[in-house]
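Not measured: the values here are computed from a predicted model. In the text below, chain A, chain B and the rest are named by the order of the sequence lines, each starting its count at 1.
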Protein chains: 2
Amino acid sequence: MKDQIAVFNECARRKGLKNTSQRTLILKAFLSSPSHYSTEDLYLKLRKNHPKIGYATVHRALKLFAECGIAVELDFGDGQTRFEPLTIGQHHDHLVCTECGSITEFSEPRIEELQEQVAAQHGFKIERHRHELYGLCSKCIGRG
Amino acid sequence: MKDQIAVFNECARRKGLKNTSQRTLILKAFLSSPSHYSTEDLYLKLRKNHPKIGYATVHRALKLFAECGIAVELDFGDGQTRFEPLTIGQHHDHLVCTECGSITEFSEPRIEELQEQVAAQHGFKIERHRHELYGLCSKCIGRG
DNA sequence: TTAGTTTCTGAATGTCAATTTCAATTTTCC
DNA sequence: GGAAAATTGAAATTGACATTCAGAAACTAA
């Protein structure tokens with residue numbers, strides 16, 4: 001978390017951005033939870049203690065975090081973009097429960113390797129990828 | 001293609017839908033091309049020869065095809081949903097060029113297998129998945 | 001500290017694709 | 001042919017994201 005704040009501050013400095021209490025607030029709330037927040041989610045959470053904060057401010061901050069490389073934008077196809085704090089070197093993909101919406105992370109180097117092979121076969125250079133498995137999580141299978 | 005029309009007709013019958021010239025037209029245009037159409041794309045293409053056709057009609061037809069299992073909805077994160085004809089048993093994933101937008105299909109059973117292993121480790125039951133590699137296609141690397 | 005400059009905030013508004021509405025039309029079935 | 005039901009397509013609505021703008025706050029230099 002300290003690393004991420006440092007990275008963000010450096011990025012903000014480079015961009016000539018000012019320090020504002022709102023941005024600090026949003027950054028801390030964002031980093032302090034393992035959640036996969038949509039703008040809406042984080043906005044509603046922050047409003048509880050900071051009723052004056054604006055949706056646009058939260059939205060701009062999250063986009064900024066993504067630009068600075070301390071957040072990744074996720075799209076699980078439900079019409080809402082989610083943001084996840086990015087810990088350097090901790091790439092992972094997601095298991096998304098279609099029943100309860102829970103999100104679990106996974107990482108499988110052998111898949112990444114095969115991906116590279118596939119790309120190489122097509123003369124394709126991978127910049128990024130998206131790999132999501134949708135289905136029922138262990139809890140929802142039980143309830144099934 | 002005949003299979004898909006048969007599947008669709010059966011699905012339409014079950015749903016108590018009527019046969020209309022527009023839907024037939026849209027279905028044929030959709031199946032007759034390997035493209036990954038957005039509603040907009042297909043609408044514009046159809047309008048050339050059928051100026052009276054409506055956007056909503058095309059949109060409804062494509063959603064219906066997806067419901068009937070002869071099309072899959074794709075979202076490459078560019079703000080437009082694309083539809084691809086689904087040939088039974090021919091699952092594949094996509095390489096998406098971020099430069100020219102070209103879409104190439106790939107299939108790698110070993111990745112599918114590893115996916116299942118990952119899911120099993122988490123007690124997760126996969127219903128569907130999404131796996132996309134974004135980057136530069138061979139043509140765009142050359143132009144680079 | 002203070003004046004001056006620049007950025008930021010937040011309410012409101014704009015944008016864009018997806019979706020819905022509804023009156024007119026078409027299909028289906030008797 | 002005619003009634004009932006579904007479909008069409010223009011227009012309006014929705015919903016998420018993005019932008020605008022006037023006032024507020026943060027920096028900068030003297």
Side-chain angles (χ1 to χ4, degrees), chain A residues 8-30 36-68 71-83 101, chain B residues 8-30 36-68 71-83 101:
Chain A
F8 176 71
N9 286 340
E10 167 58 18
C11 174
R13 197 189 56 68
R14 254 185 294 115
K15 286 172 180 276
L17 306 180
K18 295 180 175 175
N19 287 329
T20 67
S21 59
Q22 289 93 334
R23 210 137 57 190
T24 305
L25 177 70
I26 297 166
L27 179 55
K28 283 190 181 163
F30 177 63
H36 300 79
Y37 286 118
S38 65
T39 302
E40 181 78 12
D41 291 340
L42 190 53
Y43 169 63
L44 291 176
K45 182 182 174 188
L46 285 166
R47 265 230 312 210
K48 288 179 188 164
N49 294 316
H50 306 270
K52 292 262 208 99
I53 201 143
Y55 181 96
T57 303
V58 177
H59 173 255
R60 278 182 289 230
L62 287 172
K63 294 295 276 187
L64 183 58
F65 299 162
E67 268 179 49
C68 290
V72 253
E73 294 190 34
L74 304 174
D75 172 6
F76 296 140
D78 65 346
Q80 287 215 303
T81 300
R82 281 158 214 288
F83 293 83
Chain B
F8 176 71
N9 286 338
E10 167 57 19
C11 174
R13 197 189 55 70
R14 255 185 294 114
K15 286 173 180 275
L17 305 180
K18 295 179 176 175
N19 287 329
T20 66
S21 59
Q22 289 91 335
R23 209 137 58 191
T24 304
L25 178 69
I26 297 166
L27 179 56
K28 283 189 182 163
F30 177 63
H36 299 80
Y37 285 118
S38 66
T39 301
E40 181 78 11
D41 291 341
L42 191 51
Y43 169 63
L44 291 177
K45 182 183 173 186
L46 284 166
R47 264 230 311 210
K48 288 180 189 165
N49 294 316
H50 305 271
K52 293 262 208 98
I53 201 140
Y55 180 96
T57 303
V58 177
H59 173 257
R60 278 182 289 229
L62 287 171
K63 295 294 276 188
L64 182 59
F65 300 163
E67 269 179 50
C68 289
V72 254
E73 293 190 35
L74 304 174
D75 173 6
F76 297 139
D78 66 346
Q80 286 214 304
T81 300
R82 280 159 214 289
F83 293 83

## Note on the structure
For nucleotides 22-30 of chain D, 5' to 3', base contacts (B), sugar-phosphate-only contacts (S) and non-contacts (-) with protein non-hydrogen atoms under 4.0 Å give ----BS---
Write down the distance between [atom1] ([X]) and [atom2] ([N]), rounded to a whole number of angstrom.
X     : N      : atom1 : atom2 : value
A:I26 : C:dC8  : CD1   : P     : 12 Å
B:K63 : D:dT7  : NZ    : P     : 17 Å
B:R60 : D:dT8  : CZ    : P     : 7 Å
B:I53 : D:dG9  : CD1   : P     : 5 Å
B:L27 : D:dT7  : CG    : P     : 15 Å
B:D41 : C:dA18 : CG    : P     : 10 Å
A:R82 : D:dA16 : CZ    : C1'   : 12 Å
A:L42 : D:dA16 : CG    : P     : 16 Å

Side-chain contact, heavy-atom cut-off 4.5 Å: [X] with [Y]?
X     : Y     : value
A:L62 : A:F30 : yes
A:Q22 : A:V58 : no
A:L27 : A:F8  : yes

### Task
Describe the nucleic acid contact of B:R23 in one word from base, sugar-phosphate, nothing, applying a heavy-atom distance below 4.0 Å.
sugar-phosphate
### Message
Classify A:Y55 by what it touches in the nucleic acid, base, sugar-phosphate, or nothing, heavy-atom distance under 4.0 Å.
### Response
sugar-phosphate
Distance in Å, [X] [atom1] paired with [Y] [atom2], rounded so as to fall on 0.5 Å steps:
X     : Y     : atom1 : atom2 : answer
B:E73 : B:R82 : CD    : CZ    : 13.0 Å
B:T57 : B:K52 : OG1   : NZ    : 12.5 Å
B:Y37 : B:L46 : OH    : CG    : 8.0 Å
B:S38 : B:D75 : OG    : CG    : 12.0 Å
B:R23 : B:I26 : CZ    : CD1   : 8.5 Å

### Summary
DNA chain C nearest-nucleotide lookup for A:G16 and A:Y43: closer to the 5′ end is A:G16
For [N], does either OP1 or OP2 sit under 4.0 Å from a side-chain N or O belonging to [X]?
X     : N      : result
B:Q22 : D:dG9  : yes
A:H59 : D:dA18 : yes
B:K52 : D:dT8  : no

### Summary
Heavy-atom nearest pair, A:I53 first then A:Y43, reads O-CE1, 3.5 Å
### Task
Specify the residues of residues 71-81 of chain A, ordered by number, for which at least one heavy atom lies under 4.0 angstrom from an atom of DNA chain D.
A:G79, A:Q80, A:T81
### Query
Quick one: do A:R14 and A:E10 make a salt bridge, cutoff under 4.0 Å?
yes
### Task
Could you please name the option among C:dA18, C:dA12, D:dA11 that lies closest to any side-chain atom of B:A56?
D:dA11
### Query
5'-most contact on DNA chain D: B:V58 or A:T39, nearest heavy atom basis?
B:V58
